[in-house]
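Lettering follows sequence order; numbering is per chain, from 1. Computed over heavy atoms, backbone and side chain alike; hydrogens, waters and symmetry mates excluded.
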Number of protein chains: 2
Amino acid sequence: MTALPVQGALTAPAEDCLKAIYDLERSGQGAAVTTNDLAHRLDLAAASVTGMVKRLADQGLIDHAPYRGVRLTESGRRAALRTLRRHRVIETYLVQVLGFGWDRVHDEAERLEHAASDELVDRMAASLGDPATDPHGAPIPTREGGIAELPAARPLAELAEGERGVVARVEDEDADRLRYLASLGVVPGVEVEVVERAPFGGPVSLRVAGTPRLIGPQLAAQVMVA
Amino acid sequence: MTALPVQGALTAPAEDCLKAIYDLERSGQGAAVTTNDLAHRLDLAAASVTGMVKRLADQGLIDHAPYRGVRLTESGRRAALRTLRRHRVIETYLVQVLGFGWDRVHDEAERLEHAASDELVDRMAASLGDPATDPHGAPIPTREGGIAELPAARPLAELAEGERGVVARVEDEDADRLRYLASLGVVPGVEVEVVERAPFGGPVSLRVAGTPRLIGPQLAAQVMVA
DNA sequence: GGAAAGATTTAGTGTGACCTAAACTATTCT
DNA sequence: AGAATAGTTTAGGTCACACTAAATCTTTCC
């Protein structure tokens, strides 16, 4: 496209790629992010990622060691955080001000984040009282490019029987799964208690704010509790 | 980019082109819109317009008679009005809810209109009480694709000495000119009276809500009064 | 009516972003 | 260590969107 990005000149695919790298660097501890990981995450052919990576490296946003992986540079990290801030502020605004469903905001924000100016995002944030987290419980980077460490939390899937905690965030972008979790009452802030865990990564039986629920292992891995 | 358009699959440049055609069809009465007009309006080389026109014609959005010009089809008109609605709702929202200046919203809306879903736009419109016009006084197309006729109004530049009226809209997209007009108090709704007109399209001396002002001929041509 | 002027289209380039298929590198397994 | 496997890059193709330069069509003006 060429649909033209707001200003500093990054294209939407480039911003998406940086965001994905940022995210994968966070989860995979310290290891360089591989082409394959990115391809899966972005739903692209690996060869396409190689091309994007080359462009980003040319712009000094990432370091690329061929066949070895990719790492954000300082300026790449800043760009990623700027996009992440946009995304999360927009999500929060859509939910809190415009009444979008928790599970519906992701795609909308995914598009708007590439079109909204920093000023717009700052105004949205200000009108929300500069919230620290988005509706899924993820921290919102500040205007200045800082970001709170993810509050310590373990996946629900790893809690032992009898343990209890409060849902800190839900790390999922799939609307169906989010909707399903929301329908069970599993949203940031509610208290959960693990009643029983099937072995070998089976389903988890729990109490969500008192009522008994059963959720599968994949889902349980996305729900972070503190 | 290919920054990816919201859904039905039109790209941002394509939407911009349709909007421009719609607009030019309105102003030039009945005549087909020429490649050159579009090139000027969109700030592109004429050859680039020919290419875009070909793509739009292939999709049945316009009829193109080579060397003769272009006309919107029914479906092209609908697409143009959808984009126009997005644009004007977004502008209105930015001004009324987020406190943007009247003169600053255009560029922001220009980008957002290609990323915002119909649902988002409808929610914005609803939260504004489904306004009929945008901050510049231009009518906002409805959800259903209708649009009010532009209220009858003449350019300020054509009023005779002694005539008075109310500013209906300001047909300009240039932020500097809008800011200047706003600084003179020339915004939709205010009463103006022509005190004196220099001949041969010279400046116009007027009273804006009582206070004397002087504005040049180009600007006066953009200010529509009823 | 024909030639100059002006508008429009065609031809040929370049870039970003995607793809598949083939070549290559690194790792892992015996 | 060498071969199979898995992951990565290169090669080559496509499409949308821009450009300039060259052809072509229309109109307008004697």
Validation row, ring centre A:H87 to ring centre A:H106 under 6.0 Å
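Centroid distance A:H87-A:H106: below 6.0 Å, so yes.
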Greater than 12 external heavy atoms within 6.0 Å of [X]'s [atom1]:
X: A:E144; atom1: CD; answer: yes
X: B:D58; atom1: CG; answer: yes
X: A:Q218; atom1: CD; answer: no
X: B:E74; atom1: CD; answer: yes

Would you call the rings of A:H136 and A:W102 parallel, tilted or perpendicular, where under 30° means parallel and over 60° means perpendicular?
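Ring orientation of A:H136 relative to A:W102: tilted.
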Would B:R77 count as a cation-pi partner of B:Y22, with NZ or CZ less than 6.0 Å from the six-membered ring centre and within 45° of the ring normal?
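Ring-cation test returns no.
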Under 4.0 Å between a side-chain N/O of A:H64 and OP1 or OP2 of D:dT9, yes or no?
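It does, given that an N or O in the side chain of A:H64 lies less than 4.0 Å from OP1 or OP2 of D:dT9.
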Yes or no on salt bridge (Lys or Arg N to Asp or Glu O under 4.0 Å) for B:R143 and B:D130, after CA distance, side-chain angles and deciding distance?
CA-CA 10 Å; B:R143 223 183 312 286; B:D130 288 308; 3.7 Å; yes
Residues within [range] bordering DNA chain C, heavy-atom distance below 4.0 Å:
range: residues 31-40 of chain A; answer: none
range: residues 42-57 of chain A; answer: A:L44, A:A45, A:A47, A:S48, A:M52, A:R55
range: residues 65-79 of chain A; answer: A:Y67, A:R68

Is there a donor-acceptor contact under 3.5 Å from the side chain of A:E108 to the main chain of B:A116?
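The answer is no, because no donor-acceptor pair under 3.5 Å joins these two groups.
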Cationic N near anionic O, under 4.0 Å, B:K19 to B:E113:
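Salt bridge flag = yes for B:E113 with B:K19.
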